[in-house]
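Structure, as structure tokens:
Reminder, nothing fancy here: chain letters follow the sequence lines and each chain counts from 1.
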2 protein chains.
Amino acid sequence: MDAYKFIKDAIILGKYEPGMRLGEETLAKELNLSRTPIREAIKQLEAEGLVIPLKRGVGVRHFTKEDIREIYDLRSLLESYAASQAAVNRTEEDLIELKTANELYEQAIHDHLQSDMTSIRKIVKVNQRFHEAIVSAAKNKHLHFHISKVVVIPIVFRSFYWYTDFHLQQSLEVHKIIFNAIENKEPERARIAMHEHIFQGRDNVLKHLDDIKISHLFKEEIK
Amino acid sequence: MDAYKFIKDAIILGKYEPGMRLGEETLAKELNLSRTPIREAIKQLEAEGLVIPLKRGVGVRHFTKEDIREIYDLRSLLESYAASQAAVNRTEEDLIELKTANELYEQAIHDHLQSDMTSIRKIVKVNQRFHEAIVSAAKNKHLHFHISKVVVIPIVFRSFYWYTDFHLQQSLEVHKIIFNAIENKEPERARIAMHEHIFQGRDNVLKHLDDIKISHLFKEEIK
DNA sequence: TATTGACTTATTGTATACAAACCAATAAAT
DNA sequence: ATTTATTGGTTTGTATACAATAAGTCAATA
């Protein structure tokens with residue numbers, strides 16, 4: 001298996017504690033590979049900022065509350081812009097994908113049962129699909145590239161864990177507004193709605209993050 | 001010497017043609033290193049998008065006119081935001097650095113002689129210092145991280161080559177406006193000025209880029 | 001008891017050898 | 001003549017060995 005993907009997934013799933021020292025040898029054994037491909041994977045992950053060099057070896061990067069604030073600011077800036085550009089550049093195909101993603105999202109929320117992890121994961125997935133569709137519709141590959149790097153981080157600290165039914169309902173409404181604005185080619189309305197949407201998410205996360213360390217509440221869901 | 005730095009500098013200086021196939025062995029020989037550290041460097045550069053995997057080996061990424069448009073859009077978005085945030089978060093120290101950078105910029109432009117490469121490079125350098133100071137003053141490490149990746153690319157295709165005296169004079173004026181806005185804590189004015197500034201740069205580059213390939217007009221300046 | 005220094009061990013950095021994949025060119029067959 | 005197969009050389013992918021360096025440990029001394 002590909003070392004880069006494996007380690008990245010492991011980080012996203014929270015398999016490794018932030019700050020925890022990962023030895024090359026250990027990772028190599030775990031993956032039945034030699035150190036060489038492991039090192040390359042790590043270099044890539046370093047360049048993406050998911051992993052940092054430690055005294056000896058590397059560690060999953062530990063994100064502070066300050067980081068979270070900064071990342072959401074940045075993400076909001078980028079995705080709001082993507083939404084506005086989507087409203088300008090979207091094709092009919094984009095619109096179809098957007099519509100599908102949103103219908104699936106509505107469905108997933110409808111089917112959702114409080115604190116059922118399977119249905120939460122489903123929601124996370126279709127939510128990602130909707131956001132991805134918007135970024136695609138914006139037709140800017142470089143924007144896309146950078147957003148994809150920024151978006152990973154909230155996943156690492158389990159932002160979705162704190163979704164409440166109220167928040168989900170609210171999200172659904174905003175998604176609809178965003179879709180509508182993009183459909184009707186109203187960039188400014190799309191931008192504002194997206195901005196609001198992401199800040200709702202941010203506030204929701206920050207509320208639950210008063211100096212608890214964000215680590216790993218989902219150990220059981222890791223194979 | 002560090003392989004990552006070496007190769008990156010070589011790309012920025014235009015030592016390698018875009019799309020040109022770079023073999024690991026060749027690079028290794030050039031640097032008196034084995035392939036192992038070279039491969040790591042390449043993986044990092046790939047993650048930054050400066051280099052792409054080719055049929056055989058890697059190549060310096062070739063940026064099209066479309067890329068340039070996208071990159072400047074993105075850069076403008078990010079740096080305008082940085083300017084507005086700088087106007088909010090700047091400290092007194094930031095202000096001093098900003099002032100210094102701007103005075104050096106004025107000096108450099110004043111000393112500038114048409115098409116003298118040494119003085120052009122001087123201008124480029126202090127210009128970078130000014131922009132860097134703004135991003136620092138914005139106090140958002142993640143924003144900083146992504147801007148630094150975006151900013152490299154215009155350097156790769158020698159945007160400064162086409163600076164005219166008129167453009168330089170214009171730049172100086174805008175720099176002053178930006179500084180002023182940040183000093184007086186006027187985020188919106190800073191944002192707009194920065195946006196305008198970067199778009200002037202963009203238009204200037206695009207004007208000169210009608211499907212010539214941007215490659216490497218400065219071979220002689222490379223050791 | 002704390003601190004320094006030497007020694008031991010663990011971990012990364014680099015080189016190199018070999019395996020696998022790939023491209024190209026040439027030869028054979030239709 | 002055109003297409004397909006085969007083979008040779010080049011280039012990357014992976015493993016492994018060894019060198020360099022940093023960390024940890026324990027004892028000796030202040």
Those residues that, when tested against [X], pass salt bridge (Lys or Arg N to Asp or Glu O under 4.0 Å) (two or more places apart):
| X | answer |
| --- | --- |
| B:Glu30 | B:Lys15 |
| A:Glu24 | A:Arg35, A:Arg39 |
| A:Glu106 | A:Lys176 |

Can you check the [X] [atom1] to [N] [atom2] distance for me, whole Å?
| X | N | atom1 | atom2 | result |
| --- | --- | --- | --- | --- |
| B:Lys29 | C:dA15 | NZ | C1' | 14 Å |
| B:Ile38 | C:dA15 | CD1 | P | 9 Å |
| B:Leu33 | D:dA19 | CG | P | 18 Å |
| B:Asn32 | C:dT16 | CG | P | 11 Å |
| A:Leu27 | D:dA15 | CG | P | 14 Å |

*Is the ring centre of B:His142 less than 6.0 Å from the ring centre of A:His146?*
no
_Side-chain (A:Asp94) to main-chain (A:Thr91) donor-acceptor, under 3.5 angstrom_ = yes
*Where the side chain of B:Asp73 meets the backbone of B:Glu70, is there a donor-acceptor pair that is under 3.5 Å apart?*
no
*With heavy atoms under 4.0 Å as the rule, sort A:Leu22 into base, sugar-phosphate or nothing.*
sugar-phosphate
_For A:Phe130, all residues meeting ring pair (Phe, Tyr, Trp, His ring centres under 6.0 Å), sequence neighbours excluded_ = A:His175
*List in numerical order all residues of residues 43-52 of chain A for which some heavy atom is under 4.0 Å away from an atom belonging to DNA chain D.*
none
_Residue met sooner reading DNA chain C from 5', once B:Arg35 and A:Arg35 are mapped to nucleotides_ = A:Arg35
*So, for A:Asn89 and A:Ala138, which heavy atoms are closest and what is the spacing to 0.1 Å?*
ND2-O, 3.2 Å
*Candidate pair B:Asp111 and B:Lys122, rule salt bridge (charged side-chain N to carboxylate O under 4.0 Å, His left out), full reasoning*: CA-CA 10 Å; B:Asp111 295 348; B:Lys122 175 91 192 170; over 6 Å; no
*asked:* Heavy atoms from C-beta onward define the side chain here; which of D:dA17, C:dA15, C:dA17 lies closest to that of B:Ser34?
replied: C:dA15
*Among the nucleotides D:dT12, C:dT12, C:dT16, which one has an atom lying closest to any side-chain atom of B:Glu24?*
D:dT12
_One character per nucleotide, please: for nucleotides 20-26 of chain C, 5' to 3', B when the base has a protein heavy atom closer than 4.0 Å, S when only the sugar-phosphate does, - otherwise._
-BBS---
_Of B:Gly23 and A:Pro37, the one whose closest DNA chain D nucleotide lies more 5'_ = B:Gly23
